[in-house]
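Everything on this sheet refers to the single structure shown next.
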Amino acid sequence: MLFIGGSGIISAACVREAVDQGFEVAVLNRGTTEKRALPDAVTRLQADVSDREALAAAIGDRTFDVVIDFVAFTPDQVQADVDFFTGRTRQYVFISSASAYQTPPTHLPVTESTPLKNPYWQYSRDKIACEDLLVAAYRQDDFPMTIIRPSHTYDETLLPFDGGWTVVARMRAGRPVVVPGDGTSLWTLTHARDFAVAFVGVLDRAEAIGEAFHITGQESPTWDRIHQEVAAAAGAPEPQIVHVPADAIAAADPEWGAGVVGDKANSMVFDNSKVRTLVPGWAARTSFREGARELVAWYDAHPEAQVVDEEKDALMDRLAEAYAPGRL
């Protein structure tokens with residue numbers, strides 16, 4: 001198997017799981033980060049995948065049963081993969097996103113047959129365009145593709161809310177934190193190690209060719225509870241939550257707002273029945289309460305990662321003051 005990327009939150013967990021399951025794994029990336037250690041058994045190839053000459057030099061005449069690209073985000077990147085890997089692999093796996101599904105969804109739970117449509121977030125529209133390209137390549141040219149749609153997947157290094165450590169620092173200091181909407185929308189969180197088990201289960205499978213699968217957790221806490229679980233894990237007092245409309249966040253910070261309006265403000269609950277047809281009995285094992293404890297423990301052990309975003313911190317102050325209970 002060839003993993004393009006391999007050092008990210010999802011990809012590193014999947015590399016470890018593939019090695020644990022006995023697959024021969026190569027990882028191709030720029031070799032610029034060692035934040036997540038990879039198993040010694042991995043073959044390391046170094047190149048910037050956007051440099052096709054460097055890619056060709058790094059891969060040589062190798063062929064692969066499976067190629068997984070974790071760093072393709074736009075149709076031109078995917079088309080370049082199709083051109084390069086045609087005839088070199090029996091399965092090409094594209095990492096899409098559950099944010100590509102109809103937003104907001106007309107019904108829950110979301111299944112793989114839920115329409116793909118997100119008019120609010122360019123990231124999601126690009127993923128949809130990539131999927132369209134791959135479906136055409138499969139139908140017209142028999143390109144052996146599989147599409148995987150993760151939802152919000154995290155490991156011990158990635159706090160689940162915008163602002164990251166800034167939010168934890170505010171909670172520990174007893175300062176108010178901003179939660180989009182009314183805090184009651186349901187949000188599915190998936191630990192990377194749980195994702196990896198199901199993900200590796202669809203690799204090197206003829207039944208997965210031409211198919212799309214999402215892989216998500218079964219736990220869908222509210223945004224209020226997500227903040228409360230992290231606060232409890234951090235030993236902070238009950239968080240002072242201030243609910244702020246998603247549109248107000250988007251007006252104050254378009255980049256933050258795009259991910260809120262186009263993704264996090266909507267309840268998202270998923271039916272994982274399809275992936276279980278290939279991975280019988282799979283279920284996410286890590287509760288978010290356990291995940292929150294792992295998150296805080298990692299950040300407490302890595303003080304260099306406890307970075308407060310001063311601009312977002314100041315914006316949260318302004319939003320919290322404007323929308324504090326009793327001010328409206």
Side-chain angles (χ1 to χ4, degrees), residues 1-97 123 126-127 130-131 133-134 137-138 141-150 153-158 192-193 195-206 208-209 213 215:
M1 294 180 177
L2 174 66
F3 285 74
I4 301 174
S7 61
I9 288 165
I10 300 177
S11 59
C14 292
V15 167
R16 291 192 294 267
E17 181 65 26
V19 170
D20 287 347
Q21 291 195 26
F23 290 102
E24 183 180 348
V25 175
V27 170
L28 184 142
N29 56 37
R30 293 174 297 176
T32 57
T33 179
E34 291 293 334
K35 185 174 183 179
R36 298 172 184 87
L38 297 179
D40 292 338
V42 167
T43 298
R44 295 170 183 263
L45 305 175
Q46 189 167 341
D48 183 339
V49 70
S50 65
D51 182 341
R52 291 291 145 159
E53 289 186 3
L55 176 65
I59 289 181
D61 61 357
R62 294 179 178 90
T63 59
F64 302 92
D65 294 305
V66 184
V67 172
I68 311 108
D69 194 338
F70 281 89
V71 294
F73 301 98
T74 60
D76 60 321
Q77 293 171 332
V78 172
Q79 184 62 60
D81 277 355
V82 172
D83 295 341
F84 188 87
F85 289 108
T86 293
R88 289 176 176 260
T89 186
R90 300 182 70 191
Q91 183 185 28
Y92 171 86
V93 181
F94 172 62
I95 308 302
S96 185
S97 170
Y123 167 83
D126 286 343
K127 290 289 191 179
C130 291
E131 291 199 26
L133 187 158
L134 286 168
Y138 169 69
D141 303 314
D142 205 27
F143 184 70
M145 67 82 183
T146 299
I147 294 166
I148 301 295
R149 301 178 186 131
T153 307
Y154 70 100
D155 68 359
E156 69 276 6
T157 72
L158 183 68
R193 63 171 164 258
F195 176 93
V197 174
F199 179 79
V200 174
V202 304
L203 303 183
D204 200 28
R205 299 287 295 272
I209 302 302
F213 303 85
I215 300 172

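The basis for the numbers below is simple: all heavy atoms, side chains too, and nothing from hydrogens, waters or symmetry mates.
Two residues are said to be in side-chain contact when any heavy atoms from C-beta on lie closer than 4.5 Å; Phe143 and Leu133 fail this criterion. The shortest side-chain heavy-atom distance between Ile10 and Phe199 does not fall under the 4.5 Å cut-off. Side chains of Leu55 and Asp51 form no contact here, defined as non-hydrogen atoms less than 4.5 Å apart. By the 4.5 Å heavy-atom criterion applied to side chains, Cys130 and Phe73 are not counted as neighbours. Side-chain atoms of Ile147 and Tyr138, non-hydrogen and from C-beta on, never get closer than 4.5 Å to each other. Contact annotation: the side chain of Ser96 approaches that of Lys127 to within less than 4.5 Å [non-hydrogen atoms, C-beta and beyond]. In this structure the side chain of Asp155 never reaches within 4.5 angstrom of the side chain of Arg193, judged on heavy atoms. Under the 4.5 Å side-chain criterion, counting only non-hydrogen atoms from C-beta, Leu2 is in contact with Ile59.
Other residues, nucleotides and ligands contribute more than 12 heavy atoms inside 6.0 Å of the CZ atom of Arg88.
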Output a table of donor-acceptor pairs, distance under 3.5 Å, between side-chain atoms of residues 16-27 and any protein atom two or more places apart or on a different chain; print 'none' if there are none.
{"from": "Glu17", "atom 1": "OE2", "to": "Gln21", "atom 2": "NE2", "distance (Å)": "2.8"}

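In this structure, the separation between CD1 on Ile148 and SG on Cys14 is 9.0 Å, given to the nearest 0.5 Å. Atom CZ of Arg90 and atom CG of Asp204 lie 7.0 Å apart (nearest 0.5 Å).
Counting all heavy atoms, side chain and backbone alike, Gln91 lies closest to Val202 at NE2-O, 3.2 Å. In terms of heavy atoms, Ala208 sits closest to Thr146 at O-OG1, 2.8 Å. Closest approach of Ala196 and Ala13 over heavy atoms only: CB-O, 3.5 Å. The shortest non-hydrogen separation linking Ala54 to Ala47 is O-CB, 3.7 Å. Smallest separation of non-hydrogen atoms from Ile9 and Ala192: O-CB, 3.5 Å. In plain terms, the two heavy atoms of Asn29 and Gly5 that are nearest each other are ND2-O, 2.8 Å.
When each of Thr89, Leu203, Ile4 is tested with Ile68 by the rule side chain to side chain contact (heavy atoms under 4.5 Å, CB included), just one qualifies, namely Leu203.
In this structure, Arg62 fails the cation-pi test against Phe64, since its NZ or CZ atom is not both closer than 6.0 Å to the six-membered ring centre and inside 45 degrees of the ring normal.
Defined by atom type and a distance below 3.5 Å, a donor-acceptor pair is missing between the side-chain atoms of Asp81 and Gln77.
Under the 30°/60° scheme for interplanar angles, the aromatic rings of Phe70 and Phe3 are found to lie parallel.
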